[in-house]
Amino acid sequence: MDGFDLNSSEKADGSELQRMIAIEQQKAQFQAQVHNFTDVCWDKCMEGSPSSKLDSRTETCLVSCVDRFIDTTLSITNRFTQMVQKGAH
């Protein structure tokens with residue numbers, strides 16, 4: 001038997017490892033997106049120096065900003081999914 005042959009258990013372990021890596025990559029992408037939301041929305045909505053409590057205008061701005069980012073991200077993701085599905089047929 002060649003030292004590079006993988007038995008079914010090793011192949012299953014490799015598949016599980018790939019799945020776990022993919023999950024961790026998705027988590028990292030999500031965290032990066034949240035960081036991006038925070039930076040962009042903070043710069044857009046915060047005026048002057050922050051205080052211990054957000055005023056209603058700033059809070060509304062931040063919520064709206066993040067909502068727009070989420071809507072846009074979902075729209076783009078859905079569009080790419082449609083394109084991939086069309087390409088698969």
Side-chain angles (χ1 to χ4, degrees):
M1 179 191 248
D2 187 352
F4 293 105
D5 289 341
L6 297 176
N7 63 35
S8 61
S9 175
E10 289 171 330
K11 287 180 184 177
D13 288 345
S15 294
E16 178 67 13
L17 180 60
Q18 287 178 343
R19 186 184 70 77
M20 290 172 61
I21 289 171
I23 289 170
E24 290 303 315
Q25 287 174 332
Q26 288 174 344
K27 287 179 185 178
Q29 288 173 344
F30 176 77
Q31 289 173 338
Q33 194 67 22
V34 168
H35 183 74
N36 186 38
F37 292 163
T38 302
D39 284 347
V40 170
C41 293
W42 182 269
D43 290 344
K44 177 180 176 52
C45 298
M46 291 303 295
E47 294 177 6
S49 59
S51 64
S52 61
K53 184 173 166 115
L54 296 176
D55 61 29
S56 62
R57 181 179 167 274
T58 303
E59 185 176 351
T60 300
C61 179
L62 289 169
V63 169
S64 295
C65 181
V66 172
D67 284 347
R68 282 193 307 271
F69 267 106
I70 291 171
D71 290 344
T72 301
T73 300
L74 288 174
S75 177
I76 291 169
T77 301
N78 289 336
R79 180 66 180 133
F80 280 134
T81 300
Q82 291 172 354
M83 291 170 58
V84 167
Q85 288 173 345
K86 286 180 182 179
H89 292 121

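What you see is a predicted model, and the numbers here were worked out from it, not measured in a lab. Residue indices begin at 1 and follow the sequence shown. The figures here come from the full heavy-atom set of this structure, side chains too, leaving out hydrogens, waters and symmetry mates.
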Engineer: Would you confirm whether Asn78, through its side chain, and Leu74, through its main-chain N or O, come within 3.5 Å as a donor-acceptor pair?
Structural biologist: yes

Engineer: Would you say the SG of Cys45 sits under 2.5 Å from the SG of Cys65?
Structural biologist: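 Between Cys65 and Cys45 there is no disulfide, given that their SG atoms are not under 2.5 Å apart.
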
Engineer: Only one of Lys27, Met20, Gln25 forms a side-chain contact (heavy atoms from CB on, under 4.5 Å) with Ile23, so which one is it?
Structural biologist: Lys27

Engineer: The test is side chain to side chain contact (heavy atoms under 4.5 Å, CB included); show your working for Thr58 and Glu47 and say whether it passes.
Structural biologist: CA-CA 8 Å; Thr58 303; Glu47 294 177 6; over 6 Å; no

Engineer: Checking Ser75 side chain against Asp71 main chain: does a donor-acceptor pair fall under 3.5 Å?
Structural biologist: no

Engineer: Nearest 0.5 Å please: distance from the CE atom of Met83 over to the NZ atom of Lys86.
Structural biologist: 9.0 Å

Engineer: More than 12 non-hydrogen atoms from neighbouring residues, nucleotides or ligands closer than 6.0 Å to CD on Glu59, yes or no?
Structural biologist: no

Engineer: Measuring from Arg19:CZ to Glu24:CD, what's the distance to the nearest 0.5 Å?
Structural biologist: 10.5 Å

Engineer: Can you give me the closest heavy-atom contact between Trp42 and Leu62, atom names plus distance?
Structural biologist: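 Looking at all heavy atoms of both residues, the shortest contact is N-CD2, 4.1 Å.
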
Engineer: Would you compute the distance between atom CD of Gln33 and atom OG1 of Thr38 and round it to the nearest 0.5 angstrom?
Structural biologist: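 Here the interatomic distance stands at 10.0 Å.
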
Engineer: Nearest 0.5 Å, what's the OG1-CD1 distance between Thr77 and Ile70?
Structural biologist: 11.5 Å

Engineer: Count I, L, V, M, F, W, Y as connected when their side-chain heavy atoms are under 4.5 Å apart, and connections chain through other members. Are Val40 and Met46 then in the same cluster?
Structural biologist: no

Engineer: Rounded to the nearest 0.5 Å, how far apart are CZ of Arg68 and OG1 of Thr72?
Structural biologist: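 Taking CZ in Arg68 and OG1 in Thr72, the distance rounds to 8.5 Å.
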
